[in-house]
Amino acid sequence: MNILTMEHVKKSYGLRVLFDNVTLAVDSGQKMGLIGLNGAGKTTLLKIIAGLAEWDSGDIWVNPKARIHFLPQDPQFNKGDTVLESVLHGDLPVMALLRRYEDAVQRNDDDAVTNLSAEMDEQQAWELESHATIILRKLGIDDLSQCVDELSGGQRKRLGLARALIMPCDLLIMDEPTNHLDDKTILWLEEYLRDSKSALILSTHDRYFLDTVVHHMIELDRGGVYTYDGNYGQYLTLRQERVERDEASDAKRRNLLRRETAWIRRGAQARSTKQKARRDRYEQLCAIEAGKPVGTVEILDTSVRLGKTIIDMDGVAFGYDPARPLFRDVTYHVVKHDRIGIIGENGVGKSTFLQIVAGQLQPTAGTITIGQTVKFGFFTQQLPAFDESMRVIDYITEHGHFVTNQFGQRISATRLLDQFLFTEEMQYTFIQKLSGGERRRLYLLRLLMDQPNVLLLDEPTNDLDIPTLTVLERYLDTYQGVVLVVSHDRYFLDRVVDKLFTIDKGCWNRFYGDYSDYLERVVTASPQSPVAETGNVLKEGAADSTHRVSAAEGAPMPAPAKPAKGLTPRQQQELDHITQELPRYEAMMKGLNAAIAAAGSDYAKVASLMAEQKETQQKVEDMTERWCELEEMREAE
């Protein structure tokens, strides 16, 4: 059945057009993903579809028989309500019956339970009750009598998600449902939504989630709306084809604009009434040209040089209750170019660990030594307080208009703003007009302007749009410092890190590889993995792929559980190591090339950089040659 149809819908705020000419049809079982830059109007469009916001023009038809439910980024609950009352919120008779039944069970009122059981039989509510119990348990919600006012932000998010999934509906609309969820919960939610019969429209930055769950993509881009058939991977291909077509049209338009500009400057003859149509065409071309997309910009590293000693941890432990530490026995020596992802369930101490590294908390046991050259950049989940009256450019340049990185490159604040998708117009916008995601992007850039050489990123992907994540990932490709990142974004982890710290019952384990490697070798191989729906993260006996964080970086690389045919375990271990390290050295080459070009006539600096470049180039060639040899051996069998 057709649930909803939109035709030529437009929405604007003042002179700013969020989107125009939105035409969309949603049918039963369709699953759609919505993406676009922060501030493009994704949340507004979702609210309009859900009937919670007005639009300026166009028509929207909603099937009167369709049930639509909306999950916002920040779910709201009635003060004083219990978890049970909140999660079973709704006017449907079956929901009201289920609330009364669960309340009677909580009160141990046997008579009421008996009477309501018959009514439950009559309305076939047992299936819904069982469904609700399973979802609540999956999301870690056990105490149904707890007051919602006592819940943390993450718990409230899970409660809102539970309410959305329990509510019977034909169309479920979700705004960033994966924010603040751990890996285990995201995997479960992904599978649940993929198998759900309800239609779905969701906005998320989780690219693997989009790739698995949705079959159609909606893109908001500079006021325009584009639809694509397929998941996120197919969308990338189709979008590239569209961009190439648009670029061909843009080239023709720019040529025409140049001719029209030359004509309009000729003077009096151009202003004659006979040429009114041509002047109108010129003005129209200028208006189109003003909305052209941001061009591709070079990604510039802003970090300063690191010394030999970076971060040395020896037997580090922490716990608010000494008898029950969050984690213990963490021993690790951070080296240059480390890219470490930290994963685990919510509440195991991931953010706390970053606070200890940053010196904001002291360990309850063990020691942590920070090198003298270390300069931290700590991107926290909580945004700082902004001066709302400041303009974007003023906030970024409070401590200077330029930075000089370790290669001697002098980079302007305006260039970095442009790099992080702040157009010239946006650079002079007041902070109070920025969306939540745009503020997080601004906060991130301000952090990089301080030139840290050790980045501590605590859930950096929350509320950032996919284009911004792409820019951040490209920046980290050439970043010469160390990165420690807590994230549930599997795509981001695959893209950025080359080793993982995983937390299981207070013990920290080290795994060499990205998140997909970890999922394939350890998690899915374990009968007690998140995929198998239990609380344990690591498989017992998986020591060939992971080991305790108790050895220095120079320790031998662990081998996969099952070496590829044609390779010995040691050769497979070497191949894995080269596969992880080669992209890093290639990124270093890019940075060195840029530094040499920027050094100009400083011959001493150029000579030093060229020596380092030669050494790095030789390393790349040796590793590439060895990689080819090992790949040929593997394919020979």
Side-chain angles (χ1 to χ4, degrees), residues 296-312 333-340 369-377 397 399-416 418-420 445 447-457 471-484 496-499 552-554 577-627:
T296 302
V297 295
E298 180 187 2
I299 300 299
L300 300 168
D301 176 25
T302 60
S303 63
V304 292
R305 193 173 294 276
L306 269 170
K308 184 176 181 181
T309 300
I310 304 175
I311 304 168
D312 289 344
H333 305 299
V334 175
V335 298
K336 285 185 179 180
H337 309 300
D338 251 343
R339 298 287 194 274
I340 301 171
T369 304
I370 307 298
Q372 292 184 351
T373 60
V374 169
K375 186 174 183 181
F376 287 116
T397 58
H399 300 301
H401 290 263
F402 295 88
V403 295
T404 303
N405 67 11
Q406 59 179 289
F407 301 120
Q409 291 174 297
R410 197 162 181 257
I411 309 167
S412 69
T414 53
R415 190 175 178 188
L416 284 170
D418 185 55
Q419 175 177 308
F420 276 80
L445 183 53
L447 195 72
L448 299 178
M449 281 288 291
D450 289 337
Q451 298 186 264
N453 49 27
V454 176
L455 278 176
L456 308 177
L457 307 176
V471 170
L472 176 58
E473 288 158 0
R474 290 176 59 208
Y475 175 87
L476 293 177
D477 281 344
T478 58
Y479 181 68
Q480 299 297 305
V482 168
V483 179
L484 282 83
V496 171
V497 310
D498 52 29
K499 63 173 65 70
E553 178 60 23
H577 178 67
I578 292 174
T579 303
Q580 294 162 15
E581 291 298 307
L582 190 55
R584 180 185 302 172
Y585 281 96
E586 290 172 338
M588 287 173 62
M589 282 296 298
K590 294 179 184 178
L592 288 167
N593 291 337
I596 290 170
S601 59
D602 189 340
Y603 299 112
K605 181 177 289 186
V606 169
S608 174
L609 289 169
M610 288 187 70
E612 189 176 352
Q613 180 198 48
K614 183 178 180 181
E615 181 182 344
T616 305
Q617 179 65 38
Q618 187 61 50
K619 187 75 172 175
V620 169
E621 290 175 0
D622 292 345
M623 292 176 75
T624 302
E625 184 176 352
R626 181 57 177 161
W627 181 85

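Computed from heavy atoms alone, side chains included, the values below leave out hydrogens, waters and symmetry copies.
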State, to 0.1 Å, how close [X] and [Y] come at their nearest heavy-atom pair, and which atoms those are.
{"X": "Arg339", "Y": "Tyr479", "value": "NH2-O, 2.6 Å"}
{"X": "Met449", "Y": "Ala413", "value": "CE-CB, 3.9 Å"}
{"X": "Val482", "Y": "Val335", "value": "CG2-O, 3.4 Å"}
{"X": "Thr309", "Y": "Val374", "value": "O-CG2, 4.4 Å"}
{"X": "Asn453", "Y": "Thr373", "value": "ND2-O, 2.9 Å"}
{"X": "Pro452", "Y": "Gly377", "value": "CB-N, 3.4 Å"}

Side-chain touch [X]/[Y], heavy atoms, less than 4.5 angstrom:
{"X": "Ile370", "Y": "Phe376", "value": "yes"}
{"X": "Val483", "Y": "Leu457", "value": "yes"}
{"X": "Arg415", "Y": "Gln419", "value": "no"}

Pair Val454, Ile311 - check side chain to side chain contact (heavy atoms under 4.5 Å, CB included), show working. CA-CA 10 Å; Val454 176; Ile311 304 168; 4.2 Å; yes

Taking only residues two or more places apart in sequence, or in another chain, which ones meet [X] in a side-chain contact (heavy atoms from CB on, under 4.5 Å)?
{"X": "Gln618", "answer": "Glu621, Asp622"}
{"X": "Ser608", "answer": "none"}
{"X": "Thr369", "answer": "Asp312"}
{"X": "Lys614", "answer": "none"}

Using the side chain to side chain contact (heavy atoms under 4.5 Å, CB included) rule, take Lys499 and Asp338 through it: C-alpha gap first, then chi angles, then the decisive distance, then the call. CA-CA 8 Å; Lys499 63 173 65 70; Asp338 251 343; 2.8 Å; yes

Among residues at least two apart in sequence or on other chains, which ones pass side chain to side chain donor-acceptor pair (under 3.5 Å) with Thr616? none

Leu455/Leu484 under side chain to side chain contact (heavy atoms under 4.5 Å, CB included): CA gap, chis, key distance, verdict: CA-CA 6 Å; Leu455 278 176; Leu484 282 83; over 6 Å; no

Donor-acceptor contact present, side-chain Arg626 to main-chain Ile578, <3.5 Å: no

So for atom CD, which belongs to Glu473, do other residues, nucleotides or ligands contribute more than 12 heavy atoms lying within a distance under 6.0 Å? yes

Please step through side chain to side chain contact (heavy atoms under 4.5 Å, CB included) for the pair Leu448 and Phe420, ending with a clear verdict. CA-CA 11 Å; Leu448 299 178; Phe420 276 80; 3.6 Å; yes

Between Lys375 and Asp450, is there a side-chain N and carboxylate O pair less than 4.0 Å apart? no

